[in-house]
Amino acid sequence: MNQTRRTFLQATMAAGTIAVATSAGLLSPRTVLAAWPKSAFNATTVEDAMKAIAGSTKAADSKEISVEAPDIAENGAVVSVTVKSKAANTEQISVLVPENANPLCSSYITTSAVDGFVTGRIKMRKTSDVIALVKADGKLLTAKKPVKVTLGGCGG
Amino acid sequence: MAKKRKKMKIRAWADNGAATVKAIVFHQMETGLRKDKATGKKIPAHYIEELTCEHNGKTVLTCLWGPGVSKNPFLSFRLKNAKKGDTLKLSWVDNQGEKDVAEAQIK
């Protein structure tokens, strides 16, 4: 565990530095790639994934964050999820599904040039909550929405 | 694996000084957990790790994707301070080192 956390911390720090460096035009985007947080995506529990991607599991439920997803997803392979954040200085939006083998689905690093809003499509193994984890102003905010997955496609 | 088509579709519309961007990347996004029914062997993981969106040469959004992102991933976001004719560049790279770049103009 410690090892994972250590690697991760290094990864995040590296990511932070590189992001700054990139925005300053010092590095080419190709370099940023090295910072893909492998440990976060390989984590098998929500806690580990949160720790790995955001550095902490202490996240407060927030009304400023909203998760839009279908109540019933007929096909778990394609679930459209929209995360909106009204929080000021939204830096990162991550989408997690606790029931998936690796809970972390995607993570979006936003800049001030975009609104705190992202839509994407994810896979869901089975009925579960979809958790949005937003890093804004150095704080962690979450919101979730349950999505029922019916693979049969009968809409039940 | 190499003969797959590499393609991306980007659409962006400007309205009131901002723009809505929608994009689809055609990619199979294999998780590495699925088995080939015919051979019983696992299909190796193959997914996009990182997609970068640049607006007029400036990185505005970085998407870190894992195997949990659906096949042919879709992405939509709002760009502030954008106008018609601005260029938008999306580039991605996957875990097997394949990459692609596409450019579009905001309509």
Side-chain angles (χ1 to χ4, degrees), chain A residues 11 15 18-19 22-23 25 27-30 32-38 40-43 49 53 73 75-84 91-97 99-125 130, chain B residues 12 15-25 27-34 45 47-82 86 88-95 97-99 101:
Chain A
I18 291 169
T22 318
S23 52
L27 290 165
S28 69
R30 193 68 190 79
V32 181
L33 199 70
W36 189 74
K38 195 165 189 283
F41 281 101
N42 285 345
I53 196 72
N75 182 359
V78 183
V79 183
S80 186
V81 175
T82 299
V83 178
K84 283 182 184 165
E91 296 154 23
Q92 188 173 22
I93 299 175
S94 307
V95 179
L96 299 105
V97 178
E99 290 292 342
N100 278 6
N102 304 111
L104 185 65
C105 284
S106 52
S107 184
Y108 302 88
I109 297 168
T110 59
T111 59
S112 56
V114 290
D115 276 345
F117 149 82
V118 204
T119 301
R121 286 182 194 151
I122 58 166
K123 292 179 192 135
M124 289 180 72
R125 194 167 62 159
V130 172
Chain B
D15 60 277
N16 300 326
T20 304
V21 182
K22 290 185 177 177
I24 288 187
V25 186
H27 196 285
Q28 75 273 40
M29 301 297 279
E30 276 298 339
T31 57
L33 304 170
R34 233 157 51 100
Y47 50 88
I48 297 175
E49 289 190 338
E50 185 169 315
L51 185 144
T52 314
C53 310
E54 288 173 48
H55 173 225
N56 288 343
K58 190 172 155 263
T59 303
V60 288
L61 181 70
T62 309
C63 311
L64 302 172
W65 282 343
V69 171
S70 78
K71 190 176 173 182
N72 298 338
F74 169 79
L75 167 74
S76 172
F77 61 93
R78 288 276 295 169
L79 198 57
K80 292 177 196 166
N81 303 322
D86 283 1
L88 207 60
K89 187 169 137 193
L90 266 67
S91 48
W92 60 258
V93 73
D94 68 25
N95 68 329
E98 283 179 31
K99 54 192 169 191
V101 180

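Here is how names work: the chains are called A, B, and so on, in the same order as the sequence lines, proteins then strands, and each is numbered from 1.
Once rounded to the nearest 0.5 Å, the distance linking CG of Asp115(A) with CG of Leu61(B) reads 11.5 Å. Separation of atoms CG (Asn81(B)) and OG (Ser112(A)) is listed at 9.0 Å; rounding is to 0.5 Å. Atom OG in Ser76(B) sits 10.5 Å away from atom CZ in Arg121(A) (nearest 0.5 Å).
Contact annotation: the side chain of Phe41(A) approaches that of Leu64(B) to within less than 4.5 Å [non-hydrogen atoms, C-beta and beyond]. For the pair Tyr108(A) and Leu75(B), the minimum side-chain heavy-atom distance is below 4.5 Å.
Contact count against chain A (heavy-atom pairs under 4.5 Å) is highest for Gly66(B) among Gly66(B), Gly57(B), Pro73(B). Taking chain B as the reference chain and counting heavy-atom pairs below 4.5 Å, the highest number among Thr111(A), Ile93(A), Thr110(A) is found for Thr111(A).
Closest approach of Gly68(B) to Cys105(A), counting heavy atoms only: O-SG, 3.7 Å. Shown here for Val114(A) and Val60(B), the closest heavy-atom pair between the two residues is CG2-O, 3.9 Å. Between Ala77(A) and Ser70(B), the shortest heavy-atom distance links the atoms O-CB, 3.1 Å.
In this structure, chain A has a heavy atom under 4.5 Å from the side chain of Lys58(B), while its backbone stays farther away.
For Lys80(B), the NZ atom sits in a packed shell: over 12 heavy atoms of surrounding residues, nucleotides or ligands are nearer than 6.0 Å.
Checking side-chain atoms of Lys123(A) against main-chain N and O of Val69(B) turns up a donor-acceptor pair under 3.5 Å.
Remark: Arg78(B) is not positioned above the aromatic ring of Phe117(A), lacking an NZ or CZ atom under 6.0 angstrom from the ring centre and at most 45 degrees off the axis.
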